[in-house]
Each structure stands twice: as C-alpha cells, then as structure tokens.
J.: 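Just passing along the structure, written as structure tokens.
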Amino acid sequence: MEILEKTLLTPEQMRTMEQMYFAEAGVKSIDVMERAAAALAAMLEERFGSFKTIFFACGPGGNGGDGLAAARLLKPRGGEVAFVLAEEPKSADAIENLRRAREAGVREIAVDSPERPDIWVDALFGTGLSRAPAGNAAALIERMNCDQFNHGAKIVSVDIPSGLSGLSGQAFPHCVQADMTLALQCAKTGHYLNDGLDKCGEILTADIRIRATEAFLKQLNATGCTGLFAKPQDFLPQYPRNTHKGTRGHVLVVAGSMGMAGAAALCAGAALRSGAGLVTVACPASIVPILQVLEPCAMCVPLPEKDGALSAKAADVLWELRDGKSIVAGPGLSQRCAPEVLEALLAEKERIRESIVLDADALNILSEHRKLLSMLDGHCILTPHPGEARRLLGRELTDPISDVRALAALGGESGCRAVLKGASRVICELNPPKGPVFISTTGCAGMAKGGSGDVFAGLLAGLRTCERFNISAACEIHGLAGILAEEKYGETAMTARNIVEMLPEAFRRLAQRRGEKP
C-alpha cells in the first residue's frame with residue numbers, strides 16, 4: 001500500500017513515519033520544519049493575500065517552531081507580521097527558529113497585548129497534546145477565539161487546533177476554534193473524530209515530502225491503517241431486469257416491544273428502501289397491528305411474549321424463521337427480551353450462516369449475558385453507540401480507533417465486524433480486528449435524534465442482501481439521507497422517520513454520481 005490522500009495516521013504513526021524517514025533519507029528535522037513553514041506561508045498568501053496583519057501564537061515545541069519559521073518567511077512579503085510566545089521554546093529546532101525570527105526582525109508582542117490581527121496562526125500545540133492547555137497557552141487560545149467571535153479575525157491552525165487530541169478528536173476545555181487547519185503531510189484521525197469535526201474548520205493537507213519507508217508501510221499493514229471512506233456509489237445494489245422479490249433477498253427484523261414498536265417500524269422501513277425484496281418483522285404479537293399500519297409493505301410474524309417483550313418461547317420459531325435471511329436484531333427489543341432469542345439467532349446450523357446486524361437492546365442483552373459473546377463470529381455486525389460499546393467492552397472507552405478494533409475482537413479468532421457510532425462512524429470490516437479502519441464523516445447534527453440508529457441497522461440489513469455489500473458505503477448512504485432530510489426539514493425539527501423518507505433520494509443521487517440511470 002501507499003500513503004494516499006484519504007489515509008489518516010494517528011499521532012504515534014506520524015512520529016514513527018517521520019523518524020524512519022529521517023533515518024533513511026538523512027534529512028534533518030529542521031529542514032522539514034522549513035518545508036512546513038514554507039507550505040504554511042504559501043497557503044496564507046494564497047488564501048488571504050498580502051498586506052494582512054498576521055499574528056503567530058507559538059508554543060514551546062515543533063508546532064511553535066513551524067509558526068516562527070513561517071513568520072520569518074512572511075515578513076518580507078508585505079503586511080504586518082508578529083509572533084507571541086506562550087513560553088520559551090524547548091525543542092532545539094524551535095529554539096533555532098526563534099533565533100532566526102528575531103535576527104530577521106520579526107516583531108514580538110506580549111501575551112496581553114491589546115493589538116488585534118486580521119489573522120491568527122495557531123502554532124501552540126501539535127497532534128501529540130496529552131494534557132489540557134494552561135497558563136499563557138490557555139489565555140492565548142481564549143484570546144484567539146474571542147478575536148474571531150467579536151472582531152472577525154480568522155484562525156488558521158498548524159497541523160491541528162491547539163487543545164484538540166490528534167488521536168481521538170476530543171477537545172479540552174480550552175481549544176481553538178479554527179476556520180482552517182493545515183495538516184502537515186497527512187491528516188490525522190483526530191481531525192475527523194468527535195470534536196474535530198467542529199473545531200478544525202476547513203481541512204487542508206500540505207505535502208512536506210516526508211516519504212513513508214518500506215519498513216513503515218510494512219508496519220502499517222501489520223497494525224492496520226485508517227482512512228476516510230469515499231465513493232459509496234461504487235457499492236450500490238445492481239439488479240438484472242429479470243428479477244423478482246424472491247431473488248432480491250429477504251430481511252428478518254427481530255425487533256420491537258410494547259412501547260417501542262416505532263423502532264421496529266423504522267428499522268423495517270429502512271430495510272424496505274435499501275434493496276431487499278422481502279422484509280419480515282418478528283415481534284411480540286401485541287404490536288403486530290401497529291407495525292402493519294406503520295409499514296404495510298413489511299410482513300409480520302407474531303411471536304410469544306412476556307411483559308410486552310419476546311419470551312423464551314419465541315426462540316423455537318426464530319430458529320426456523322431465520323433460514324436464508326439477512327437478520328437485524330435489537331431495535332426496540334427492550335432488555336426484558338429473553339436472552340434465548342439471541343441465542344437462537346446466533347447458534348450455528350449445519351450450513352452457511354446467516355449474517356446478523358446486532359444493534360441497540362441486542363447489544364445490551366449481550367452485555368448482560370456475556371456467555372453469548374462466545375457465539376459472535378465474522379457473520380455478525382455490531383453497531384453500538386459509545387454507551388453500548390462501554391458495556392460490551394466492560395471498560396471506559398479510550399479512542400475510537402482502538403475501541404472499534406476491541407469490539408471486532410469480541411468475535412474471537414475470526415473477529416466480527418463493528419461500527420462505533422457517533423458524529424463520525426468508525427468501521428472495522430475487513431480482516432477484523434487487525435484490518436484497516438475506515439471513518440465515515442457524512443452526516444449532520446439533525447441526525448442526533450432517537451431512531452436514527454434503528455434506521456441505520458435496517459439499512460445495513462437491507463444492503464446485506466446485495467452482493468456488493470460494504471459497511472462503510474452504508475454509513476455514507478445513511479449520512480447522505482440525513483443531510484437531505486436536514487435540507488428539507490431543518491436540523492431542529494427533522495426526525496429519524498425523515499431519514500427513512502429520504503433514503504430513495506440518497507440512492508438516486510448516488511446512482512447519478514456513478515453515471516447510471518437511476
């Protein structure tokens with residue numbers, strides 16, 4: 001493999017790639033810092049023109065050295081350039097670039113200077129930040145954010161907004177709100193996870209010619225790389241003209257309970273609109289009339305229940321009902337559902353296993369009855385949100401990349417497939433848990449409503465009936481339908497039902513991108 005535009009590195013991987021490059025190429029780190037500074041200066045000129053007032057907020061490490069070097073390069077090109085130090089440089093390269101900046105006559109201003117620039121360049125901390133900014137650094141972060149909000153100053157962050165984790169995308173209380181982030185060589189995982197989606201602004205990447213060595217690429221292959229997923233249109237279902245409902249796959253939705261029939265309906269509705277020829281909802285008998293009204297195109301099988309949820313007696317019916325179907329279990333199932341229901345769906349038969357999407361209360365039941373975890377394998381797709389993931393793993397979450405690998409490892413030697421849901425979806429699908437991890441960032445704030453996950457589970461099961469199934473593509477389709485719903489109804493008022501409504505338009509638009517007749 002090679003490091004491509006959509007490849008994301010963790011901060012640790014980036015440091016390893018740099019060190020291997022320095023050792024093999026014999027290049028000095030300060031020379032690479034000069035390349036980064038030149039790329040930053042060129043981008044600032046290209047985006048904002050000359051004769052602007054630009055202040056560089058510089059930290060004590062390599063990130064601050066990048067800022068000091070860029071300030072020196074910009075000084076003779078017009079405009080007003082100055083730098084402010086959060087603290088004295090500590091790295092050798094940053095110390096040298098402070099000397100060069102002062103020698104070149106770049107003006108230094110105090111942390112509490114009342115002057116305001118047109119542009120702040122945030123060069124306080126890089127992607128390896130592991131503790132909350134404090135002292136002068138915290139004060140500078142608040143000053144930059146205040147100038148942006150109150151006076152229209154632009155903020156450009158070098159590599160990553162200061163105060164944001166380059167690994168997980170979690171923001172500390174003091175964190176820069178960038179208008180633009182210039183990632184050096186490669187984008188990092190933190191740019192596209194959690195708060196990174198809001199804090200980074202527009203993300204650009206500067207090629208500073210740090211080349212991945214063969215040894216690094218071998219290591220990256222062994223540990224599994226991370227990348228942004230693109231082109232879901234390449235995985236759309238395709239059908240011959242001579243097809244019928246029996247050849248387009250059958251989805252079994254095991255879902256719903258008294259008070260949560262809507263979750264089953266949302267799941268079934270998404271499966272119906274995602275390519276499946278037939279959808280059957282297996283649910284407590286008492287909610288069948290509700291589901292027949294909400295989704296008349298789905299069939300229903302009434303099952304034995306206790307306290308409004310599926311009872312152990314439902315397991316025998318499901319054992320036979322599951323044959324040859326793509327299964328989704330969990331939406332609205334309730335934790336009153338008997339664990340025997342999941343056991344019947346996960347148990348081996350003497351033939352090819354069915355695929356099964358496990359979501360919502362199916363995951364909670366697995367967490368409570370941990371002996372069922374031993375039944376997970378490569379046919380299973382886990383789709384937890386962070387709370388469900390914590391319960392499944394039996395620990396606090398660390399970062400989404402390692403967490404999704406840990407979820408995939410619950411499938412034993414073969415691994416299962418996992419999607420850790422959030423503002424971005426983090427997917428471990430190929431050769432789990434050691435294969436590549438993909439991040440899907442498509443979506444919108446309006447999708448943060450109850451039922452969105454039920455829609456996603458049904459979408460996955462519906463697409464699973466197709467030969468060209470790809471979990472990452474399903475994440476992108478779900479996100480696009482959410483964006484279309486937000487465009488129509490607004491992020492405040494839209495609901496999960498609107499996401500189901502917009503799935504046909506999402507598929508149509510993606511088919512157009514592929515150049516096919518929709």
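Computed over heavy atoms, backbone and side chain alike; hydrogens, waters and symmetry mates excluded. Computed from a predicted model, the values in this text were never measured in an experiment.
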J.: For a 4.5 angstrom cut-off between non-hydrogen side-chain atoms, does M43 reach M180?
T.: yes

J.: Are any of the side-chain heavy atoms of D361 and M260 separated by less than 4.5 Å?
T.: yes

J.: Knowing that exactly one of L8, V426, L420, T189 qualifies, which makes a side-chain contact (heavy atoms from CB on, under 4.5 Å) with V437?
T.: V426

J.: Pairs of donor and acceptor atoms involving the side chains of residues 268-281, under 3.5 Å and at least two apart or interchain, shall be tabulated with distances.
T.:
from : atom 1 : to   : atom 2 : distance (Å)
R273 : NH1    : G269 : O      : 2.9
R273 : NH1    : E295 : OE2    : 3.3
S274 : OG     : A270 : O      : 2.5
T280 : OG1    : H250 : NE2    : 2.7

J.: Ignoring hydrogens and angles, state whether a donor on the side chain of S162 or D122 is under 3.5 Å from an acceptor on the partner side chain.
T.: yes

J.: For a 4.5 angstrom cut-off between non-hydrogen side-chain atoms, does P384 reach L407?
T.: yes

J.: What residue among S440, P432, P436 forms side-chain contact (heavy atoms from CB on, under 4.5 Å) with I427?
T.: S440

J.: Could you tell me whether the side chain of T223 reaches within less than 4.5 Å of the side chain of Q13, counting heavy atoms only?
T.: yes

J.: Tell me every residue that passes side-chain contact (heavy atoms from CB on, under 4.5 Å) with P284, counting only those two or more places apart in sequence or in another chain.
T.: S286, I287, E305, L310

J.: Look only at the side chain of R370 and the backbone of L392, and say whether a donor-acceptor pair between them is shorter than 3.5 Å.
T.: yes

J.: Does Q292 CD have over 12 foreign heavy atoms under 6.0 Å away?
T.: yes

J.: Quick test of your reading: applying salt bridge (charged side-chain N to carboxylate O under 4.0 Å, His left out), list the pairs with at least one residue in residues 239-249, sequence neighbours left out, ordered by first then second residue.
T.: none

J.: Hey, is CD on E142 packed in by over 12 heavy atoms from elsewhere, all under 6.0 Å?
T.: yes

J.: Would V156 and R47 count as a side chain to side chain contact (heavy atoms under 4.5 Å, CB included) here? Give the steps.
T.: CA-CA 11 Å; V156 176; R47 284 302 182 99; over 6 Å; no

J.: What salt bridge (charged side-chain N to carboxylate O under 4.0 Å, His left out) pairs are there with at least one residue in residues 381-398, not counting sequence neighbours?
T.: R395-D403

J.: Salt bridge (charged side-chain N to carboxylate O under 4.0 Å, His left out): which pairs involve residues 225-234, sequence neighbours left out?
T.: none

J.: One pair to check against side chain to side chain contact (heavy atoms under 4.5 Å, CB included): L294 and R497. What are the steps and the verdict?
T.: CA-CA 11 Å; L294 291 176; R497 197 168 188 179; 4.2 Å; yes

J.: Which of parallel (below 30°), tilted (30 to 60°) and perpendicular (above 60°) describes F229 and F438?
T.: perpendicular

J.: Decide side chain to side chain contact (heavy atoms under 4.5 Å, CB included) for L376 and L366; before the verdict, give the C-alpha distance in whole Å, the side-chain angles of both, and the deciding distance to 0.1 Å.
T.: CA-CA 10 Å; L376 299 176; L366 286 175; 4.3 Å; yes

J.: Output, in order, the C-alpha distance, side-chain angles, deciding distance and verdict of side chain to side chain contact (heavy atoms under 4.5 Å, CB included) for L346 and L358.
T.: CA-CA 10 Å; L346 291 169; L358 296 164; 4.2 Å; yes

J.: Quick one, T383 with D359, criterion side-chain hydrogen bond (donor to acceptor under 3.5 Å, both in side chains). Give me CA distance, side-chain angles, the key distance, then yes/no.
T.: CA-CA 5 Å; T383 59; D359 185 52; 2.8 Å; yes

J.: Do the side chains of E505 and K488 get close enough for a salt bridge, i.e. N-O under 4.0 angstrom?
T.: no

J.: Under the salt bridge (charged side-chain N to carboxylate O under 4.0 Å, His left out) rule, what pairs show up with a residue in residues 166-178, not counting sequence neighbours?
T.: none

J.: Distance alone, cut at 3.5 Å: any donor-acceptor contact between the side chains of S165 and Q170?
T.: no

J.: For the residue pair T127 and M14, establish whether any side-chain heavy-atom pair is separated by less than 4.5 Å.
T.: no

